[in-house]
Structure formats: C-alpha cells, structure tokens
Amino acid sequence: MSFYNQYKFYMKLRLPLTAAIIAASAGSIFAAEAASCFYASVYSCNFWKEYPSYSEVGIYSFDLDYPDSRLVKADDDLDASGGGTMTEDFYFCTKEMAGYGFVDVTHFTFKPDTWEYNSQIYGAQEGVATDLAYDHTSSKIYGCFTTDPDKGEAAGGYVFGTINEATGERLAIHDITTPWIALGCTRNGDLYAVDMAGKLLSVDKITGATEELASLGFSANRRSTGAIDTATGIFYVVVTNEDESTIDEYGYSVSTSKLYAVDIEAKQATLMYEFEDGEAIGGMYIPGPLASDDAPAAPSDMSLRFDDGDLNGSISFTMPSATFGGGTLEGEVSYLIRANGSLFAQGTATAGATVNATGKVDEDGQYEFVLELSNAAGRGPKATTSLWIGHDTPEKIANATLTYANGLFTLTWEQPATTQHGGYMDTSLISYTVTRNNDDYIVASNTTSTTVDDAVAMPEQLTSYSYSIDLYYRGKYVSTYTTEDYKLGAVTLPYTVDFDDPDCFSNLTVIDANGDRAEWYYEEYWYIEALDLECTAALYPYSSTNKADDWLILPAIKFEKDTKYAVEFQVSTSSDSYTERLAVSYGTAPTAEAMTNTILEAKEYAIYEPVEENVIFSPAETGFYNIGFYACSDANGSGLALRNIKVSVVKESAVESIANGDDNTVVEVYNLQGVRVNDNARGGLYIEVKADGTARKVIR
C-alpha cells in the first residue's frame, strides 16, 4: 500500500459518522437500476499539495453512496483540469498547465476500454472549460468555456458553446454570467447545468438561453464537474471550495469537495458524502444507456460488400424488432449511414426487415461506417464497422539479392504479396524502376520483372556498387528498397588493415551466418591484458548460446597462379580459460558459400598475449579472390580479436644452405632481401644464422 493510500485509509476512519449516515440513507431514495459508481479525473488533492512526489493523476472510479475511490489508470495526461467527458468513441479531456505568466492547453483522447493514449492536439485558452458534457443526439461536446482575449473576448469571462474534439476549436453560443461547475445531458438530449451559486439551470442547446429551475442550497468557488445518470436522470454534482486563508498556515490552500445528487424533477439536492481529501475532480461520466426506451434497438447482421477495387458498394443489415427498452418496435424506422463522416446512404424500413443500402465513397482508403436508426422517440445505439475500400497499397519490398559474375550484376527481389492495410491489390499493376546509385544510371524503367541484369566491367580499383528499386502501383510511387553495397574491383598488394580507422570496416564484409546478432564489429577499446594495451581491433564478441558461424571477409585481391602469398595477422582473446577458434579461407566472392579454399585450418586460441600468425598459400588459378576470417568457436567463449592484418607477395630468399660450425657461432648473415653479406655489416636489420641452424633478426 502506497503512502497516499495509507493516508486515505486513515482518513476513512476519521469520516464523520453523520456523513456516513447521510450517504447510506441517500443511496436508497433512487430507483434500483441507478448507477453504483462514477468515473472522473483526479488532478489534485490536499495530500498531493503537501507531498507533490506522491501525486497519482489519472482516472478514478468512485462509489456513489460512500466515499471510496479506486485508481483505474494513472497517467499525467488523464488530467481534466480544463474539462472532460466520455463520448461514444473515446474519453476527451483538456489539460491546463499555468505558470510563470503562460498557460499551456492540450487536448487528449483515450480509448475507454484500455485507457490507452489515442491522440493529442495543442489548444488555446478558448478550449479550457469548467466542465463538459457530451450529447449523443447531436454528437457534440458542450461546455462552459473561459473567454479568450486572443479572440477579442473580454478576459475573465465565460461562454456556453461547443468544442471540436478534432481541432480544439471552440464555437461560442452565449455569454455566461456565473460560471457553471457541472454540465450534464440526459439520454433524450436535454442539457442541464449547475452554477457556482448553486442554481440548477436548464440550457437551450441552440441559443444558450437558460432557465433557473431551483436554488440547491450550496455554493462553490472553484471549477469541478458533474454528470447525469442516464438510467435514472439523477444529476450528480461535485461541489468544491478552496480556503485561501489556510495558505499561511499550511503553505497551500486546503480544499473541501462534496458529492450531491440532484433530482431534476423534484428540483432538490441531497448530500451523498464529503470526499476524503478535498479532491479536485474533472471530466465525470457515468456509464449508462444513451437511447430512449422507445427508440429503436441496435441493428444486427451488419455487413459490407465491395467488389475488388470498386468504390461503389453496399451495406446490408437487419432492422430490429424491439425498442431499446425491450418493447415491440412498430412503424417506419429511418436509417442513416455515414462513411468517415460523409453520407453514404439513408432511407426507411419496417421493423425486422432486411435492408441492402447502396452507396459510393470518394477515394481509396480506410473507412469507418456508422449506422444510426431513429424513430419519433429518438435515435437508437450506433452500429459501426470498418473496411479498406478500393485499391490498397502494396507492402514494401522486403529483400533483394545482388550478385556479380562474368561482367554482369544480377539483381533479384520478391514481389510484395500483401498490402499495407489488408485491402485489395492487383499485382499486374505493380511496376519497378531500378537505378544504379553510383552514377544514377536507370537500369530499367517501368518494368514488371523482378530480375534485372546490369553489365558493369570490372573496375581497376575497389569500388562499391548499390542499386535502388522504386516500387510503383497503378503508376503511383509507393516505396524504395536500396541494396547493401557490393564491392567490386581489387585492392593492391601489400594490403593492410590495422583497424586504427573505423572507416576500414566499410571495405570489409561481415556475415552473421547463423543470424544470432553476435557478429564481427569494430572495437575501439580492445584491452590486451598481457601488454596492458588498449587498442582498436576487429572483435567477435561470442554468443552465450550459439556456436559461432561468422565471417570477416577482405575485399577482392588479384592473385596470380603459382605465386606464394603471405597472410599475416595477430590474434588475441580476453581469457586464457575459455577457448576461441578461428580459421582462414579464400574464395571467388565475399560470401560464406564461396570460402572453399582453406589457408589455415580451424585453430584454438585461449591466451592473453597476442599470437602472431603468418600463413602462406598459392592459388591454383589466376583470378580475383577474397580472404575470409571465420569465427567458429563453441558457445560461451570470451571474445576473439584480430589486429594488424597484412596480405603480401612472398619473395623468394637467396638463403639456400647453412654452413656447419659451432652451435653458438654465427656462420652467415643475410639482409632482408635474402642476400648474403659480410659478417661485419652494420647499419640495418639483418638475419643471423647460427651453426645449429637457428636464425634471428637483429639490428646491427
């Protein structure tokens, strides 16, 4: 239990006995079908004023006959300080944040089934209300709104009007002298208000004219909220007063809030209870029936029929045989069908009849169809359904394959088989334009094929190629798919990769063959413990669950037949307990499948100190080849790093034999070109060969 909930429990124990008795007795004066609770936004209370960090702004449910509340959804944007109400589709509330000479106004809508955020728009002072009420008979939100000087209105005043929930624009209907604390609408569409002086008013929705029905015996000095229980017609009103004289004592003004039940016909109010902590409440609503008992019940069997791609279609449904209240429905019943708010079809039919109404929509798109039935008693509950009408939009191209062989790029992709909204698509109307991005050359225009060839000669230097596939449907652009770079051409020898430059990875091919996302990457801070060295490297990080199946492939290099080439590199691991494994191969393309020629069989490493590897190979045929470093470790390794990769031609040495001599005697000296020199040679790097056949590099 949170600190605030503990506090609420303590306050319940202190609830005055008289208030509890009044609440218990008042609950029995209304019909049995009366609502048992109401919902509203709580945006402030005395406890939160004292301890702001414990505030839980959001939607709460309250019992109607006892001061008990339950948090339904906490959300700082479920704040109806500027008014709120439940429509047939969503909960609408206005959040007003004032401070430092400015006022921020934001309108939100939330889905009532889950209370998830639906939309928001930024508003102005004109959209701030003391309370709001939704009228289902006109589908409008009415309210008592503050005046907005930016609209030429006098500051500090109030007007009766409506608000457009989609734009936040307010339409003023009539001036209000005393602001209203509560506004409610019956299921017949009759509008009532209670002002701060405690007067019960009937309100003309067209002109805004009011008639005073009664003085209810209370008053309020700050905005609050109210709602009518449409099952009984009882108007529940929250009356809130703020005591400014308590600021000096507590550092904030103490509020008191009370719930009254107003019997509109009897023109009297009954105190239900006092809220526990002076809660500031807005946007009250009471779930209940919206239609009159003699209005039509909801239609049934509503279905849509639109042929593939056609904007003309029909809606079929069955008229109810009963009224909303359960009686027998008689006479003609009118129907009105709207598609995204525009008229689709209308007419009349008898109770129980099957109706097939035809109509047309203006353009392709997602449509919500709303069916309304009405008779002399009023409008029945709405029925809705939705469908994508006309041609839909194809999904984006998911992938493409780019290959190169014999001077020809081949680009292949899969045609989209589904649409973005589940609607109709004629695949014969799909076309593509393919562009070589290097020089913006259009390879194919308005083609229906999903395979395109492009002749490109092998460049002298390493060059990256990519292609864009523009997807069109019915001649309209839809989306673009761009391939990854394909590197063509060769690098010159000697070729080195020291990983000091992060851009070096742009010329390398990384293949995560098993798709586990544990793959080679550029590591800026590789630590070699044996050398106490922090350096850059290519790192395979290891997977805790999967065996490594990952390639790091060098760009193409032209190798000559029967020529020896050396591949040098440095290997290190981050542990001497967990083994990593590496192999080196070469092939005719930068793909895992092409790595068919082994240079270094898979070798295990588990050592802190870097290992210098130098392997030599000779290709059987002259051609362009890629060298690949293959991480093939078992799962749960330690990390495998590569540094200082070098590929070069092996020069033949002139050292062919070693003369005999004492074991420690230097018998021959060679320079690095393999040429024998005098033993007294100085000023360079030389190879000393001893009598026992060993050799070492020395600086003389």
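None of the values given here were measured: they were computed from a predicted structure. In this chain, numbering begins with 1 at the start of the sequence shown.
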Measure across P555 and L462 and return the closest heavy-atom pair with its distance rounded to 0.1 Å.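 In this case the closest contact between P555 and L462 is CB-CD2, 3.7 Å.
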Residue list, side-chain hydrogen bond (donor to acceptor under 3.5 Å, both in side chains) with Y134, at least two apart or on another chain: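 side-chain hydrogen bond (donor to acceptor under 3.5 Å, both in side chains) list for Y134, sorted by chain: E88.
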Taking the side chain from N514 and the backbone from K547, do they hold a donor-acceptor pair closer than 3.5 Å?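 Yes.
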Short question: side chain of S386, backbone of Q366 - any donor-acceptor pair under 3.5 Å?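 Checked: no pair found.
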Within-4.5 Å side-chain heavy-atom neighbours: R436 and V434: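 A side-chain contact is absent here, since even the closest heavy-atom pair is not under 4.5 Å.
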Throw together a table of side-chain donor-acceptor distances under 3.5 angstrom for residues 404-415, partners on residues two or more places apart or in other chains.
residue : atom : partner : partner atom : Å
Y404    : OH   : V456    : O            : 2.7
T410    : OG1  : D453    : OD1          : 2.9
Q415    : OE1  : Y432    : OH           : 3.2

Can you check whether V57's main-chain N or O pairs, donor with acceptor, with D79's side chain at less than 3.5 Å?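 No; zero donor-acceptor contacts below 3.5 Å.
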T109-S119 side chain donor-acceptor pair, cut-off 3.5 Å: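 Side chains of T109 and S119: pair found under 3.5 Å.
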Carboxylate-amine/guanidinium proximity below 4.0 Å for R517 and D512: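 No.
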List, one per line, each side-chain donor-acceptor pair under 3.5 Å for residues 287-299, sequence neighbours excluded.
residue : atom : partner : partner atom : Å
D293    : OD1  : R187    : NH1          : 3.0
D293    : OD1  : R187    : NH2          : 3.2

Pair up each side-chain donor or acceptor in residues 466-474 with any protein partner under 3.5 Å, not counting sequence neighbours, and list the distances.
residue : atom : partner : partner atom : Å
S466    : OG   : N437    : ND2          : 3.0
Y467    : OH   : D454    : OD2          : 2.5
S468    : OG   : N437    : OD1          : 3.0
S468    : OG   : N437    : ND2          : 3.1
S468    : OG   : T482    : OG1          : 3.3
D470    : OD1  : T480    : OG1          : 2.6
Y473    : OH   : H391    : ND1          : 2.7
Y473    : OH   : D426    : N            : 2.8
R474    : NH1  : D364    : OD2          : 2.9

Exercise answer: donor-acceptor pairs, residues 346-363 side-chain atoms, under 3.5 Å, sequence neighbours excluded:
residue : atom : partner : partner atom : Å
T348    : OG1  : E332    : OE1          : 3.2

Taking Y91 as the fixed residue, which of Y117, F110, W115 is the one that meets the ring-ring contact (aromatic ring centres under 6.0 Å, His included) rule?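 Of the listed options, the one satisfying the test is W115.
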Looking only at the side chains, is there a donor atom on one of D89 and T87 sitting less than 3.5 Å from an acceptor on the other?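 Their side chains do not contain a donor-acceptor pair, so the 3.5 Å distance test is not met.
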Could you work out, with side-chain hydrogen bond (donor to acceptor under 3.5 Å, both in side chains) as the rule, every residue matching H421, not counting sequence neighbours?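 Listed in chain order: D392.
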Between W551 and A592, which heavy-atom pair has the shortest distance, and what is it?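 Distance-wise, the nearest heavy atoms are NE1-CB, 3.5 Å.
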Are the side chain of K487 and the backbone N or O of S506 linked by a donor-acceptor pair below 3.5 Å?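 Yes, the answer is positive, given that a donor and an acceptor are paired below the 3.5 Å cut-off.
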